[in-house]
Amino acid sequence: MLTQLHKVEQSLNQVILGKQQQIRLALCCLLAEGHLLLEDLPGMGKTTLAHALANSLGLSYRRVQFTSDLLPGDLVGLNIYDARSQQFRFQAGPVFSQVLLADEINRASPKTQSALLEAMEEKQVSVDGETRALPTPFFVIATQNPLFHAGTSALPESQLDRFMFRLSLGFPDHQAEHQLLQRDSSRSRLDLLSEQLNTDQLRALQQQVPKVNASDALIDYLLALINSSRHRSDMLPLSPRASKATLRAAKAFAFINGRDYVSAADVQQVFPYVAEHRLDPSSAAQESRLSQLLLQQTPCPL
């Protein structure tokens, strides 16, 4: 099945040109059962990446445009009174999908954003006192525009902490953009994507990730990175959730690369994407200053 996963990666690279690293990291986030925050200018391919992931993995997909007037019920669903049966009937919202694209999440009110917190952490939602489980797997891809854009507001730290990775696609290079202009539209390319994995196969791959071995020395190195942030005044301290996310992401990255053990290089590869938005919520996705500082100043004994 790992071969099939690499075929998924290859097909995604045919849709999102010149972004091999970001595509591998997005797959890594999905395998580690995390959630992904994409921050970039409009028109950079964020929505296309989310839709392409769902298509190639055979997952149900819903897109929600976050606006200032979006209500929590628009996202999680409502109990609606049925006059014929004289009973309330639950109408599920778009959160009941396997891949949820929360488009321009930082344009919604804090009340609506908070409706996602339980879903992202517990894989369930509560409506009128009743808890309802979400589909498995459940993967949130949220996009946000830079904060200097009109109508945006910063996500609170509690919301940012729910995202395993924050990525930026960035501008394509000259060759990739040249190909983009020569070929058909991205929508027609999406339609050509075939399902490379089904839900059961994806779940089997996700269940293999925790089995990747992480030595005691590797975990000590990871904890040294995390603890370094807790003794500085120029950054926010990293929580145990961040340390767990770093280890899960490093295991997934090693797994994608065909190894059954985690190396220090795996931790160093994923750490900026896990840590930077937690260390400095006001930073931009292209920045990795604080995480790189911790990597440089923390000795690696491996």
Side-chain angles (χ1 to χ4, degrees), residues 12 16 22-23 25-30 32-55 57 59-78 91-127 132-147 149-169 186 190 241 245 273-274 277-278 281 284-285:
L12 291 174
I16 310 294
Q22 290 92 332
I23 287 171
L25 288 167
L27 286 171
C28 172
C29 187
L30 176 58
E33 300 185 62
H35 303 289
L36 178 62
L37 179 62
L38 296 174
E39 180 184 301
D40 230 321
L41 297 170
M44 303 297 282
K46 303 185 294 296
T47 302
T48 303
L49 174 58
H51 204 168
L53 266 173
N55 281 8
L57 295 170
L59 302 175
S60 61
Y61 167 83
R62 297 288 297 274
R63 174 182 178 271
V64 179
Q65 182 67 47
F66 277 58
T67 57
S68 59
D69 59 349
L70 186 74
L71 298 174
D74 299 329
L75 187 62
V76 300
L78 297 166
Q91 181 171 314
V95 75
F96 286 87
S97 58
Q98 293 171 313
V99 176
L100 174 69
L101 175 61
D103 209 7
E104 297 185 311
I105 189 173
N106 58 337
R107 293 185 180 276
S109 68
K111 184 176 182 180
T112 300
Q113 290 177 13
S114 66
L116 270 180
L117 294 179
E118 181 186 13
M120 294 172 70
E121 186 68 17
E122 305 294 338
K123 310 294 176 66
Q124 64 183 32
V125 296
S126 300
V127 180
R132 299 176 184 273
L134 294 173
T136 302
F138 176 66
F139 185 42
V140 175
I141 301 179
T143 72
Q144 68 171 359
N145 294 332
L147 293 180
H149 280 214
T152 61
S153 58
L155 296 180
E157 288 85 350
S158 60
Q159 183 94 38
L160 284 172
D161 197 38
R162 297 309 198 278
F163 290 101
M164 176 176 281
F165 280 175
R166 182 184 63 172
L167 300 178
S168 170
L169 292 178
S186 61
L190 280 174
R241 181 187 284 135
Y273 305 102
V274 175
H277 61 288
R278 294 175 163 96

For the student: nearest non-hydrogen atoms of Phe138 and Leu100, plus distance | CE1-CB, 4.4 Å
Does some side-chain heavy atom of Val99 sit less than 4.5 Å from a side-chain heavy atom of Leu53?
-> no
Under 3.5 Å: donor-acceptor pair, side chain of Arg241, backbone of Met164 = no
Go through the steps to decide whether Gln65 and Glu104 satisfy the test side-chain hydrogen bond (donor to acceptor under 3.5 Å, both in side chains), and finish with yes or no.
-> CA-CA 7 Å; Gln65 182 67 47; Glu104 297 185 311; 2.5 Å; yes
Evaluate the side-chain proximity of Ser109 to Thr112: yes if any heavy-atom separation is below 4.5 Å, no if none is.
-> yes
Measure the shortest side-chain to side-chain distance between Val95 and Val125 over non-hydrogen atoms and say whether it is less than 4.5 angstrom.
-> yes
Main-chain N/O of Ile141 paired to His35 side chain as donor or acceptor, under 3.5 Å | no
Looking at CG of Leu36 and CG of Leu27, how far apart are the two atoms once the value is rounded to the nearest 0.5 Å?
-> 10.0 Å
Nearest heavy atoms of Gly77 and Val127, plus distance in Å | O-CG1, 4.1 Å
Separation between OH of Tyr273 and SG of Cys28, rounded to the nearest 0.5 Å = 11.0 Å
Criterion side-chain contact (heavy atoms from CB on, under 4.5 Å) against Ile105, the qualifying member of Val64, Val140, Leu155, Thr143 | Leu155
Could you tell me whether Asp103 and Arg63 have a side-chain N and a carboxylate O separated by less than 4.0 Å?
-> yes
In this structure, CD of Gln144 is separated from CG of Asn106 (nearest 0.5 Å) by 4.5 Å
So, for Tyr61 and His51, is the gap between ring centers shorter than 6.0 Å?
-> yes
Between Ser168 and Gln22, which heavy-atom pair has the shortest distance, and what is it?
-> O-NE2, 3.2 Å
Side-chain donor or acceptor of Ser60 paired with backbone N/O of Ser97 under 3.5 Å | no
Salt bridge between Arg162 and Glu118, side-chain N to carboxylate O under 4.0 Å?
-> no
To the nearest 0.5 Å, how far apart are CG in Leu30 and CZ in Phe139?
-> 5.0 Å
Enter the distance from Leu75:CG to Phe66:CZ here, rounded to the nearest 0.5 Å.
-> 4.5 Å
For the student: nearest non-hydrogen atoms of Arg132 and Phe96, plus distance | CB-CZ, 3.9 Å
Is there a donor-acceptor pair under 3.5 Å between the side chain of Asn55 and the backbone N or O of Ala52?
-> no
How far apart are the closest heavy atoms of Val274 and Ala245, and which atoms are they?
-> CG1-CB, 4.0 Å
What heavy-atom pair brings Ser114 and Gln159 nearest, and what distance separates the two atoms?
-> N-OE1, 4.1 Å
Counting only N and O atoms by type, is there a donor-acceptor contact under 3.5 Å from the side chain of Arg107 to the main-chain atoms of Thr67?
-> no
Quick one: CG on Leu38 to CZ on Phe165, what's the gap to the nearest 0.5 Å?
-> 11.5 Å
Quick check: does any side chain N or O of Asp40 sit under 3.5 Å from a backbone N or O of Leu169, one acting as donor and the other as acceptor?
-> yes
Do Pro156 and Gln113 have side chains that get closer than 4.5 Å, going by heavy atoms?
-> yes
Is there a donor-acceptor pair under 3.5 Å between the side chain of Gln124 and the backbone N or O of Leu134?
-> no
